[in-house]
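Data first, discussion second: the structure below is written as structure tokens.
For reference, positions follow the sequence shown, starting with 1.
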Amino acid sequence: MFNLNFDEYKDKVLGCWYGKNIGGTLGTENERDTSINNVSFLPDKNKDNPAPNDDLDLQLVWLAALERYGVQGITKERLAEMWMGHIIGPWGEYVNCKLNIANGLYPPLSGSCNNDVWRNSNGAWIRSEIWACICPGAPDEAIEYAYMDSCVDHSGEGIYSEMFTAAAESAAFVLNDLRQIIEVGLSKIPEDSLTAELIRLAIDGFDRKLSWQETRNLIVEKNTLGWFQAPANVAFAVVGLLYGEGDFGKTVCRAVNCGDDTDCTGGFAGALLGIMLGKKGLPDHWCNFIGKNIITCAINKFEFYECPIPETVDELTERVVKQGLISSLINAGTVPALSSGKTEIPAAVFEQISGKEWAARIHQRSPYELEFHAPFAEISVDYENGPFCTPGEAKKITVRTVRYTGTYDDISWRWILPESWSADVATGHLIAINSGLGVLENTLIPGEFPEAVTFVPLEVTLASRRTKCVFQVPFVLKNTFNYVVGQLPDKFARDWKRWNKNPHLPMTGFALPEGIQNEA
């Protein structure tokens with residue numbers, strides 16, 4: 001592996017947060033404007049007063065998760081619980097995933113189910129910086145965190161977009177060539193994904209010397225998902241980076257001027273360039289204007305008893321850098337060493353960090369596989385086409401067990417079925433061999449659903465133990481959930497603007513089952 005000078009690393013992390021704050025604030029005024037914009041600098045009202053931005057807010061929750069559980073203790077289930085406890089943003093996928101989790105659909109089901117409109121949206125890739133900062137120069141480590149993060153409230157393109165941004169930002173710690181940085185990001189997502197296609201379109205337009213406006217319009221034409229979705233917005237940010245040609249102001253302005261989710265595009269472009277250049281390389285007139293403060297809007301900051309929310313980018317940097325140091329020690333060999341010595345990056349670093357193998361394994365993970373943890377093994381239930389059921393119609397599932405020790409042993413299992421339910425095999429044994437992996441294809445025939453979600457107990461026992469582990473496996477009656485996030489009633493919109501005075505806003509007013517009307 002290679003070595004990064006600690007002071008240089010810290011300066012790049014600080015540059016990341018300055019760039020994120022500046023780009024996000026620059027884009028706030030034009031968010032959701034689908035036309036080409038013409039911004040050139042920050043509004044006067046943002047002098048020493050950055051705009052509140054959920055893109056940065058959510059990463060403060062992930063910082064608290066890192067400080068509570070450690071870099072090795074991060075799991076998608078723990079991120080989901082942090083989400084439930086700390087995030088109050090009332091938008092799209094943010095609420096859908098909370099309702100899914102409340103109904104027993106933990107990640108990745110929380111992102112892949114009841115979320116058709118928002119699964120490919122922008123909520124995940126906008127919060128990738130923290131994973132890059134604790135995995136500098138180690139994009140494969142960064143994308144593992146990015147996957148655990150994004151599957152909480154996204155699937156498909158929504159996940160690919162965060163894997164791209166996390167990998168590119170991680171690479172920016174050790175590469176100075178923007179094209180190589182973008183290629184590292186592309187190496188971590190499927191070549192046939194819409195995100196990859198539109199990013200390649202941005203590169204092609206730049207190489208053909210089209211104007212940035214022409215390239216932006218080509219992306220709009222090729223975007224099959226419509227506005228406010230991740231693939232086009234990530235590509236707009238790449239337009240800003242390419243046509244900005246290393247100039248920070250030009251980069252964030254061109255990203256924002258492409259329109260659509262402009263605080264996201266400006267924030268990512270600013271953060272990535274901030275990592276490349278470091279705080280020392282960012283223009284003073286941008287940094288001095290915005291100041292150091294962090295203003296939040298989407299989190300209940302009064303609930304962070306153990307890990308208070310950082311108030312400035314300096315404090316955020318100090319705390320993230322601590323996690324980066326821990327990561328470099330724990331993951332020695334994959335995350336570069338951080339030390340007082342000279343930065344030493346091998347000439348072949350691009351080839352080293354642009355491999356596709358680990359990313360390909362992540363892409364193969366099912367969006368409908370729930371994991372449960374026994375003391376002796378990891379148990380998973382993978383539903384064919386999700387957990388949705390119709391009484392009397394077969395539901396195919398795959399049960400997998402992985403012994404933690406990898407030793408040969410007999411694992412018995414038993415479905416404790418409701419009275420009107422049946423299964424082709426309701427009880428049996430899985431012989432854990434080789435790496436301790438046992439796999440069973442199983443078919444259940446659902447019967448009556450007393451509620452929209454029925455939890456069917458799955459009992460798992462290791463032959464050499466007396467302990468019986470029982471896991472509650474959710475099955476959802478088809479067509480009973482359809483979360484609709486609509487226009488905020490005036491009452492809640494007014495409250496949201498005054499969120500500092502009223503942080504405990506009621507979530508039930510923002511996402512309701514279809515057919516129920518919001519009431520002002």
Side-chain angles (χ1 to χ4, degrees), residues 75-77 80 99-114 151 155 364-481:
T75 66
K76 54 186 182 294
E77 293 85 6
L99 294 172
N100 277 330
I101 294 167
N103 284 307
L105 305 183
Y106 272 81
L109 298 182
S110 55
S112 61
C113 298
N114 307 315
C151 75
S155 64
Q364 291 170 4
R365 294 174 185 171
S366 169
Y368 301 122
E369 185 171 25
L370 267 187
E371 295 178 2
F372 303 95
H373 305 283
F376 50 81
E378 185 173 280
I379 317 296
S380 70
V381 174
D382 190 357
Y383 309 81
E384 184 181 45
N385 300 319
F388 310 105
C389 302
T390 299
E393 292 187 7
K395 168 58 64 174
K396 292 183 179 180
I397 59 175
T398 301
V399 178
R400 297 183 180 90
T401 63
V402 181
R403 283 279 281 123
Y404 290 133
T405 60
T407 56
Y408 179 95
D409 213 335
D410 179 5
I411 296 177
S412 64
W413 57 272
R414 178 170 70 100
W415 287 107
I416 305 174
L417 295 169
E419 186 173 338
S420 60
W421 291 49
S422 62
D424 60 344
V425 181
T427 186
H429 298 269
L430 285 167
I431 307 300
I433 59 175
N434 298 326
S435 298
L437 174 66
V439 181
L440 170 75
E441 301 289 337
N442 203 192
T443 300
L444 269 62
I445 310 295
E448 295 180 4
F449 278 76
E451 297 181 293
V453 182
T454 290
F455 293 89
V456 178
L458 175 62
E459 181 184 88
V460 181
T461 310
L462 195 62
S464 58
R465 313 282 178 86
R466 290 182 179 273
T467 306
K468 295 182 184 296
C469 296
V470 180
F471 305 104
Q472 301 295 326
V473 181
F475 291 85
V476 181
L477 183 60
K478 197 171 183 179
N479 298 323
T480 52
F481 287 113

Let me confirm one number: the CD-NE2 distance from Glu77 to His373, rounded to the nearest 0.5 Å. 4.5 Å
In this structure, OG1 of Thr390 is separated from CG of Asn479 (nearest 0.5 Å) by 7.0 Å
Within a strict 4.5 Å, meaning less than it, do heavy atoms of the Trp415 and Asn442 side chains meet? yes
Is there a donor-acceptor pair closer than 3.5 Å between any side-chain N or O of Lys395 and the backbone N or O of Gly386? yes
Min side-chain heavy-atom separation Tyr383-Val473 under 4.5 Å: yes
Please collect all side chain to side chain donor-acceptor pair (under 3.5 Å) contacts where either partner lies in residues 454-463, sequence neighbours excluded, each pair once. Arg414-Glu459
Closest heavy-atom pair, Ala452 versus Thr480, reported as atoms and distance to 0.1 Å, is CB-OG1, 3.7 Å
Evaluate the side-chain proximity of Pro474 to Asn103: yes if any heavy-atom separation is below 4.5 Å, no if none is. no
Any side-chain heavy atom of Ile379 within less than 4.5 Å of one from Trp413? no
In this structure, CG of Leu99 is separated from CG of Leu105 (nearest 0.5 Å) by 10.5 Å
Is any side-chain heavy atom of Phe388 closer than 4.5 Å to a side-chain heavy atom of Asn114? yes
Has the side chain of Asp382 got a donor or acceptor atom that lies under 3.5 Å from a matching backbone atom of Thr398? no
Minimum heavy-atom separation for Ala394 to Thr443, with atom names? CB-CG2, 3.6 Å
Flag side-chain contact, heavy atom, 4.5 Å: Thr427 against Ser412: no
Please confirm whether the backbone N or O of Pro367 pairs with a side-chain atom of Ser112, one donor and one acceptor, at under 3.5 Å? yes
Atom pair CD/CG of Gln472 and Leu370 - distance to nearest 0.5 Å: 12.0 Å
Assess the residue pair Phe449 and Cys389 against the criterion (side chain to side chain contact (heavy atoms under 4.5 Å, CB included)); give the C-alpha distance rounded to whole Å, side-chain angles, the decisive distance to 0.1 Å, and a yes or no. CA-CA 10 Å; Phe449 278 76; Cys389 302; 3.7 Å; yes
Nearest-0.5 Å distance, CD1 of residue Ile101 to CG of residue Leu109: 10.5 Å
All heavy atoms of Pro457 vs all of Val470, minimum pair found to be CB-CG1, 3.7 Å
Sequence neighbours left out, what pairs pass salt bridge (Lys or Arg N to Asp or Glu O under 4.0 Å) with at least one residue falling in residues 365-375? Lys76-Glu371, Glu144-Arg365, Glu369-Arg400
Pairwise distance CG(Asp410) to CG(Leu462) - rounded to 0.5 angstrom: 8.0 Å
Taking Ser420 for the side chain and Glu448 for the main chain, is one N or O donor matched with an acceptor at less than 3.5 Å? yes
With Phe376 via ring-ring contact (aromatic ring centres under 6.0 Å, His included) - residues at least two apart: none
What orientation do Phe475 and Trp421 show, parallel under 30°, tilted 30 to 60°, or perpendicular over 60°? perpendicular
Is there a side-chain contact between Val476 and Cys113 (heavy atoms, below 4.5 Å)? no
Report yes if some heavy atom in the side chain of Ser155 is under 4.5 Å from a heavy atom in the side chain of Tyr368; otherwise report no. no
